[in-house]
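See below for the structure under consideration.
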Amino acid sequence: MMSPAEILSATIHHGQEKIKRPFLEKAVLGFIGGAMISFGYLLYIRSVASVVEQLGTLASLIGASVFPIGLIVILLGGGELITSNMTAVATSFFAKRVSLVDLLKNWLVITLFNVVGAIFVAYVFGHLLGLTSTGAFKEELLRLAQGKIAASWSQELLSGMGCNWFVGIAMWMCYGARDAAGKILAIWFPIMAFVAIGFQHSVANAFVIPAAIFENGATWLDFGHNFLFVYLGNVLGGTVFVAGFYTLGYRRQMKELKNK
């Protein structure tokens with residue numbers, strides 16, 4: 001495992017590489033990122049709905065345990081996820097390696113195609129294939145979506161902030177792990193934690209709320225309101241609590257390592 005100062009250097013490099021990608025690469029990898037996070041949530045719903053009657057609230061821990069597959073695929077297999085980019089690209093920005101304009105362009109494109117990928121999975125696999133449109137699976141979907149919609153804007157903001165603190169940490173530690181097994185463990189536990197706690201992830205919500213819309217359990221206005229405030233919370237969690245704090249905490253040590 002790298003030291004935190006080494007991870008900071010690696011994260012700056014990864015953030016720069018994300019900026020260098022041409023539009024088509026960002027679009028394709030952004031779509032993959034949105035789809036993979038959505039498949040993780042689909043797996044959550046299918047797992048929880050099957051055991052919720054027997055296990056009650058404990059079933060959510062099972063769902064949280066399988067949800068991380070999405071980010072594992074993205075970080076190990078390839079993909080772009082806006083919540084990860086909020087940390088990686090912001091770290092490069094704080095290091096003065098990328099411009100604010102480049103950061104905002106990256107966030108805009110990745111966000112757009114993450115949402116497209118998420119809605120694609122919600123409609124094609126959730127609605128058309130029927131994986132979230134019948135029985136206990138539909139009930140679990142609507143329960144999750146309506147719980148997110150019912151939150152106040154301040155709850156959505158704070159929940160999004162807590163979520164991306166964990167997602168940023170997962171990405172940070174993944175960059176610091178030196179083998180695949182270490183990377184999987186680094187991703188698994190923080191992601192499982194934010195899901196089990198109940199924090200909200202903007203891209204995951206771009207799957208679950210539209211999936212509920214397709215089953216007449218929510219509206220696009222509900223989705224827009226929720227996405228806005230959760231997204232802003234995700235920005236704060238990733239840029240301030242991970243990129244900002246770790247840059248402040250380890251910038252001196254990173255410079256010392258480079259000067260050796």
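In this text, all values refer to a predicted model and were calculated from it rather than measured experimentally.
Residues Val242 and Met171 form no side-chain contact, since every pair of their non-hydrogen atoms from C-beta on lies 4.5 Å or further apart. Residues Gln16 and Val98 are in side-chain contact: their nearest non-hydrogen atoms beyond the backbone lie under 4.5 Å apart. Between Arg21 and Asn106, every side-chain heavy-atom pair lies at or beyond the 4.5 Å cut-off. By the 4.5 Å heavy-atom criterion applied to side chains, Ile110 and Leu81 are not counted as neighbours. The side-chain heavy atoms of Val73 and Phe39, taken from C-beta on, include no pair separated by under 4.5 Å. Residues Ser133 and Leu141 have side chains not in contact (no heavy-atom distance under 4.5 Å, counting atoms from C-beta outward). Between Tyr41 and Val121 there is no side-chain heavy-atom pair separated by less than 4.5 Å. Using a 4.5 Å heavy-atom cutoff, the side chains of Trp107 and Ile82 are in contact.
With respect to Glu256 and Arg252, a salt bridge is recorded, a charged nitrogen being found less than 4.0 Å from a carboxylate O. The pair Glu6-Arg178 meets the salt-bridge criterion, since a charged nitrogen lies less than 4.0 angstrom from a carboxylate oxygen. Looking at Glu80 and Lys26, no side-chain N of the basic residue comes within less than 4.0 Å of a carboxylate O on the acidic one, giving no salt bridge.
Leu236 and Val230 fall into different hydrophobic clusters, where Ile, Leu, Val, Met, Phe, Trp and Tyr residues are linked whenever their side-chain heavy atoms come under 4.5 Å apart, directly or through other members. One hydrophobic cluster, built from ILVMFWY side chains closer than 4.5 Å, holds both Ile72 and Leu185. Hydrophobic clustering (ILVMFWY, side-chain heavy atoms < 4.5 Å, transitive): Leu142 and Phe227 are in distinct clusters. Cluster annotation: Phe125 and Val48 are assigned to the same hydrophobic cluster (Ile/Leu/Val/Met/Phe/Trp/Tyr, side-chain heavy-atom contacts under 4.5 Å, transitive). Transitive grouping of hydrophobic side chains (ILVMFWY, heavy atoms separated by less than 4.5 Å) brings Leu100 and Ile19 into a common cluster.
Atom CZ of Phe189 has 12 or fewer neighbouring heavy atoms from other residues, nucleotides or ligands inside a 6.0 Å radius. Within a 6.0 Å radius of OH in Tyr123, other residues, nucleotides and ligands contribute 12 heavy atoms or fewer.
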So Arg46 and Glu140, side-chain contact (heavy atoms from CB on, under 4.5 Å) or not? Walk me through it.
-> CA-CA 9 Å; Arg46 300 288 294 186; Glu140 181 63 21; over 6 Å; no

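Using a 30° and 60° split on the angle between ring planes, Phe223 and Trp220 fall in the perpendicular class, above 60°. Ring geometry, Phe229 versus His225: the interplanar angle falls from 30° to 60°, so the pair is classed tilted. Note on ring orientation: taking the six-membered ring where Trp is involved, the planes of Trp172 and Tyr246 are parallel (angle under 30°, cut-offs 30° and 60°).
Here the straight-line distance linking atom NZ of Lys148 with atom NE2 of His201 works out to 10.5 Å at 0.5 Å rounding. Residue Ile69 holds its CD1 atom at 8.0 Å from CG of Leu43, rounded to the nearest 0.5 Å. Separation of atoms CG (Leu71) and CD1 (Ile191) is listed at 5.0 Å; rounding is to 0.5 Å. For the atom pair CZ of Phe23 and NZ of Lys105, the computed distance is 12.0 Å after rounding to the nearest 0.5 Å. Taking CZ from Phe120 and CZ from Phe113, the interatomic distance works out to 14.0 Å, rounded to the nearest 0.5 Å. Distance check, rounded to the nearest 0.5 Å: CD of Gln200 to CE of Met161 gives 13.0 Å.
Side chain of Ser9 to main chain of Ala5: no donor-acceptor pair is present (N/O by atom type, distance under 3.5 Å, no hydrogens or angles). Distance alone, capped at 3.5 Å, places no donor-acceptor pair between the Thr83 side chain and the Asn164 backbone. Using a distance-only test at 3.5 Å, with no hydrogens or angles considered, no donor-acceptor pair links the side chain of Ser92 to the main chain of Arg97. Not a single donor-acceptor pair under 3.5 Å links the side chain of Ser202 to the backbone N or O of Tyr231.
Paired with Phe207 under the rule side chain to side chain contact (heavy atoms under 4.5 Å, CB included), one option of Leu42, Ile37, Ile119 passes, and it is Leu42. Checked against Trp165 for a ring-ring contact (aromatic ring centres under 6.0 Å, His included), the options Phe199, Phe241, Phe194 give a single hit: Phe241. If you run side chain to side chain contact (heavy atoms under 4.5 Å, CB included) between Val203 and each of Asn114, Val167, Asn234, Thr111, only Asn114 comes through.
Residues Ser3 and Leu257 approach most closely at OG-CD1, 4.3 Å, considering heavy atoms. Minimum interatomic distance between Ile62 and Ser47 (heavy atoms only, all atoms of both residues): CG2-CB, 4.4 Å. Scanning all heavy atoms of the two residues, the minimum distance from Glu156 to Asn226 falls at OE2-ND2, 3.3 Å. Here the closest non-hydrogen pair linking Pro68 and Ile187 is O-CG2, 4.5 Å. In terms of heavy atoms, Pro190 sits closest to Ile169 at CG-CG2, 4.3 Å. Summarising the geometry of Ile7 relative to Gly176, their closest heavy-atom pair is CG1-CA, 3.6 Å, with the distance given to 0.1 Å.
Residues Asp222 and Thr219 have side chains that bring a donor and an acceptor to within less than 3.5 angstrom of each other.
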